[in-house]
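The structure displayed is predicted, hence computed values, not measured ones. Computation of the quantities below employed the complete heavy-atom set of this structure, encompassing side-chain atoms and omitting hydrogens, waters and symmetry-equivalent molecules.
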Amino acid sequence: MEDIKKSGFGTASLVLGIIAICFSFIPVVSYISFILGILAIIFAIVSLSKKASKGLAIAGLILAIVAVFIAYSMHKGLETAVNEINTAIDDVSKEEKVECNQGEVGILGDSAVTVTKVEKSQGNSWNNPSSGKEFVIVYVTIENRGNSNLSYNPYDFKMQNSQGQQESMTFTTIDQDTELNSGELIPGGKISGTITFEQPKGDTGLTLIYNNSIWSSKELKIKLQ
């Protein structure tokens, strides 16, 4: 009976060691593996001190030590990854300014966008806005603050009115000499041009919205004066 009790510690060490090493590869669950590994080491030492089930105790001890090492490595790796993600999020939050007013620099990703002027027009003999509406001509400057080329396009912009309606640019010839076209900016490059929208007359709640990525829903909103 005494030998069975003595061998129980070795068996327990081996079983806990096997469970611990299985759990040690699983993120988060590896915390449990760390605890089981410590218990397996203790049971192995007790078994060895009682000079019983030496083979089982040694096997359990080896498995437990390996499990504890793997669990600790997984924990440190997960902690490092979380810290890096948080740092990246903090950096982006510090760099971006996704809401601003006309005349201020708005920053979204590598793009720095500024609305320098806004003009309103009733059109000309060739182009006229719809009844009850007017052309809103927005002068924008885009700067590439990233390390790679940045694409730009007037369709990256929409205008939202006070009724919450968002519309893309309007085809017109009234700003054909200054209109913003599409292209690319090298790092540090800058481009200026105009984008024309058709909006209700006298609307004072206009907002220019910029988003140049199909992979992100984040937008830069510039309140127009």
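With rounding to the nearest 0.5 angstrom, the OG atom of Ser192 is 8.5 Å from the CG atom of Leu180. Atoms OG1 and CG, on Thr194 and Asp177 in that order, are 9.0 Å from each other to the nearest 0.5 Å. Interatomic distance, CG of Asn211 versus CG of Leu108, reported as 6.5 Å (0.5 Å rounding). Atom-to-atom distance recorded for Gln160:CD and Lys221:NZ is 6.0 Å, nearest 0.5 angstrom. The CD atom of Glu119 lies 8.5 Å from the OG1 atom of Thr178; values are rounded to the nearest 0.5 Å.
Counting non-hydrogen atoms of neighbouring residues, nucleotides and ligands closer than 6.0 angstrom, the NZ atom of Lys190 reaches no more than 12 such neighbours. Within 6.0 Å of CD in Glu99 there are 12 or fewer heavy atoms belonging to other residues, nucleotides or ligands. More than 12 heavy atoms of other residues, nucleotides or ligands sit less than 6.0 Å from atom NZ of Lys133. More than 12 heavy atoms of other residues, nucleotides or ligands lie within 6.0 Å of CD in Gln166, so this atom counts as buried by the packing criterion.
Under the 3.5 Å distance criterion, with hydrogens and angles disregarded, no donor-acceptor pair is assigned to the side chains of Tyr152 and Ser182. At a cut-off of 3.5 Å, with distance as the only test, a side-chain donor of Asn161 or Gln199 sits close to an acceptor on the other residue. With hydrogens and angles left out, the side-chain atoms of Gln225 and Gln102 include no donor and acceptor closer than 3.5 Å.
Residue Glu104 comes nearest to Thr114 through the heavy atom pair O-CG2, 3.6 Å, listed as atom of the first residue, atom of the second, then distance. Scanning all heavy atoms of the two residues, the minimum distance from Pro129 to Gly123 falls at CD-N, 4.3 Å. Of all heavy-atom pairs between Leu150 and Glu143, the closest is CD2-O, 4.3 Å. Closest heavy-atom contact between Ser148 and Pro187: N-CG, 3.7 Å. Closest approach of Met169 to Pro154, counting heavy atoms only: SD-CB, 3.5 Å.
In this structure the side chain of Gln122 reaches within 4.5 angstrom of the side chain of Lys201, judged on heavy atoms. Side-chain contact between Glu198 and Val136: absent, with no pair of heavy atoms (C-beta onward) separated by less than 4.5 Å. By the 4.5 Å heavy-atom criterion applied to side chains, Thr196 and Val138 are not counted as neighbours. Counting heavy atoms from C-beta on, the side chains of Tyr210 and Ser111 come closer than 4.5 Å. Within the 4.5 Å cutoff, the side chain of Ser121 has heavy atoms near those of the Ile137 side chain. Taking the side chain as every heavy atom from C-beta outward, Leu224 and Val115 approach each other to under 4.5 Å. At least one side-chain heavy atom of Ile107 sits under 4.5 Å from a side-chain heavy atom of Arg145. A heavy-atom distance below 4.5 Å is not found between the side chains of Ile65 and Ile62.
Hydrophobic clustering places Ile195 together with Tyr155 (ILVMFWY residues linked when any side-chain heavy atoms are closer than 4.5 Å, directly or through intermediates). Using a 4.5 Å cut-off between side-chain heavy atoms of Ile, Leu, Val, Met, Phe, Trp and Tyr, with links allowed through other members, Phe171 and Leu208 fall into the same hydrophobic cluster. Linking Ile, Leu, Val, Met, Phe, Trp and Tyr whenever their side-chain heavy atoms come within less than 4.5 Å leaves Val140 and Ile209 in two separate clusters. Tyr139 and Val118 are assigned to two separate hydrophobic clusters, defined by single-linkage of ILVMFWY side chains at heavy-atom distances under 4.5 Å. Under a hydrophobic-cluster definition in which Ile, Leu, Val, Met, Phe, Trp and Tyr are linked whenever side-chain heavy atoms come within less than 4.5 Å, directly or via other members, Ile174 and Leu206 are assigned to different clusters.
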Original post:
Hey, mind stepping through Asn181 and Ile191 against side-chain contact (heavy atoms from CB on, under 4.5 Å) and telling me if it holds?
Top reply: CA-CA 10 Å; Asn181 295 309; Ile191 185 73; over 6 Å; no
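Asn144 places a side-chain N or O within donor-acceptor distance of the main-chain N or O of Leu185, the cut-off being under 3.5 Å. A distance-only check finds a donor-acceptor pair linking the side chain of Asn124 to the backbone of Asn127 [under 3.5 Å]. Listed for the Asn149 side chain is no donor-acceptor partner under 3.5 Å among the backbone atoms of Glu184.
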